[in-house]
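All heavy atoms count here, side chains included; hydrogens, waters and symmetry mates do not.
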Amino acid sequence: LLHPSGLPVFAFFHSPRNQIEITDFESFKKLIKPDSPYYKLPNRDLYESLIAHEVTHAITSKLIHDSNCPRVAHEYIAAVMQMVSMNDTARQILLDEFPRSTPVELEMFNEFTFYSSPQWFVANAYRHYKQLDNGCEFLRSILSGQVHFLCDFEFE
């Protein structure tokens with residue numbers, strides 16, 4: 001499966017068509033690089049969590065009220081749902097790959113951190129979400145446009 005940029009990907013949500021494409025399981029296993037934190041996860045658990053990530057994009061793309069909502073807000077929600085969908089063991093394996101204190105500042109979730117290390121972004125979005133008193137309300141606030149992430153940055 002190729003992203004429109006030409007890079008091989010596990011899965012991709014095409015927002016204009018509201019369509020998810022997912023690579024087949026055997027091809028998926030070959031895409032996981034041995035130096036990736038994802039390599040330590042059981043293949044089936046990772047595969048299913050990435051499906052949950054893309055399904056979240058499909059659901060929330062129609063729910064986010066702010067049409068100018070930065071992509072990182074969409075990715076934050078999908079990252080949280082990806083981690084929530086994992087069993088405790090798989091989730092802990094990924095969290096252990098990125099040991100750190102729980103992030104409290106929303107500013108750390110920006111496009112730079114997302115593109116630099118999507119797995120880091122996923123693990124720490126989950127940590128951030130779990131430390132909130134009411135994480136579900138926070139997700140609803142993102143959907144309603146009450147929570148603002150740093151704006152997208154331009155690539156040159």
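Counting only N and O atoms by type, the side chains of Q92 and D96 include a donor and acceptor under 3.5 Å apart.
Under the 4.5 Å side-chain heavy-atom criterion for grouping Ile, Leu, Val, Met, Phe, Trp and Tyr, I32 is not connected to V9 through any hydrophobic cluster. Under a hydrophobic-cluster definition in which Ile, Leu, Val, Met, Phe, Trp and Tyr are linked whenever side-chain heavy atoms come within less than 4.5 Å, directly or via other members, L1 and L46 are assigned to different clusters. The hydrophobic cluster containing V84 also contains V55, counting ILVMFWY residues as joined when their side-chain heavy atoms lie under 4.5 angstrom apart, directly or transitively. Residues I51 and F12 are members of separate hydrophobic clusters, defined by side-chain heavy-atom contacts under 4.5 angstrom among Ile, Leu, Val, Met, Phe, Trp and Tyr. With hydrophobic clusters built from ILVMFWY side chains whose heavy atoms lie under 4.5 angstrom apart, F121 shares a cluster with L132.
Side-chain contact check for Q119 versus Y38: some heavy-atom pair is nearer than 4.5 Å. Contact of the L41 side chain with the M86 side chain is registered, since non-hydrogen atoms from C-beta on lie closer than 4.5 Å. With contacts defined as side-chain heavy-atom distances shorter than 4.5 Å, the pair I22/I20 qualifies. In this structure the side chain of H53 never reaches within 4.5 angstrom of the side chain of M81, judged on heavy atoms. Two residues are said to be in side-chain contact when any heavy atoms from C-beta on lie closer than 4.5 Å; V80 and V122 fail this criterion. No side-chain heavy atom of T89 sits under 4.5 Å from any side-chain heavy atom of P42.
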Item to check | Working for side chain to side chain contact (heavy atoms under 4.5 Å, CB included), residues K29 and Y47 | outcome: CA-CA 9 Å; K29 291 190 298 188; Y47 188 70; over 6 Å; no
Checklist entry - side chain to side chain contact (heavy atoms under 4.5 Å, CB included) between N18 and S61: does it pass, once the steps are laid out? => result CA-CA 8 Å; N18 199 36; S61 70; 4.0 Å; yes
Checklist entry - Does the pair L94 and Y126 meet the rule for a side chain to side chain contact (heavy atoms under 4.5 Å, CB included), with working shown? => result CA-CA 11 Å; L94 188 57; Y126 177 77; over 6 Å; no
Next on the checklist: Using salt bridge (charged side-chain N to carboxylate O under 4.0 Å, His left out), reason through E97 and K40 one step at a time and then give a plain yes or no.
Outcome noted: CA-CA 9 Å; E97 286 298 301; K40 294 184 179 181; 2.9 Å; yes
Checklist entry - Checking side chain to side chain contact (heavy atoms under 4.5 Å, CB included) for the pair S27/F10: CA distance, chi angles, key distance, verdict? => result CA-CA 9 Å; S27 298; F10 301 123; over 6 Å; no
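Between F28 and F25, the two ring planes are parallel [angle under 30°; tilted spans 30° to 60°]. Relative orientation of the F109 and W120 rings is tilted, given thresholds of 30° and 60° on the angle between their planes.
No donor-acceptor pair under 3.5 Å is formed between the side chain of N124 and the backbone N or O of R127. At distances below 3.5 Å, not a single donor-acceptor pair connects side-chain atoms of E137 with backbone N or O atoms of N134. The closest donor-acceptor contact from the side chain of S144 to the backbone of S141 lies under 3.5 Å. The backbone N or O of T113 lies less than 3.5 Å from no partner atom in the side chain of S116, so there is not a single donor-acceptor pair.
Between A78 and T56, the closest heavy-atom pair is CA-CG2, 3.7 Å. Between P70 and H74, the closest heavy-atom pair is O-CD2, 3.5 Å. Shown here for Q82 and S85, the closest heavy-atom pair between the two residues is O-OG, 2.7 Å. Pairing each heavy atom of C136 with each of Y129, the nearest pair is SG-OH, 3.6 Å.
Taking CD1 from I77 and CG from L63, the interatomic distance works out to 8.5 Å, rounded to the nearest 0.5 Å. The distance from the CD1 atom of I93 to the CG atom of D88 is 11.0 Å, given to the nearest 0.5 Å.
Between E26 and K30, none of the side-chain N atoms (NZ, or NE/NH1/NH2) sits under 4.0 Å from a carboxylate O, so this pair counts as no salt bridge.
With H14 as the fixed residue, the side-chain contact (heavy atoms from CB on, under 4.5 Å) test singles out one of H57, E54, E21: E21.
Here Y76 and F138 bring their ring centres to under 6.0 angstrom of each other.
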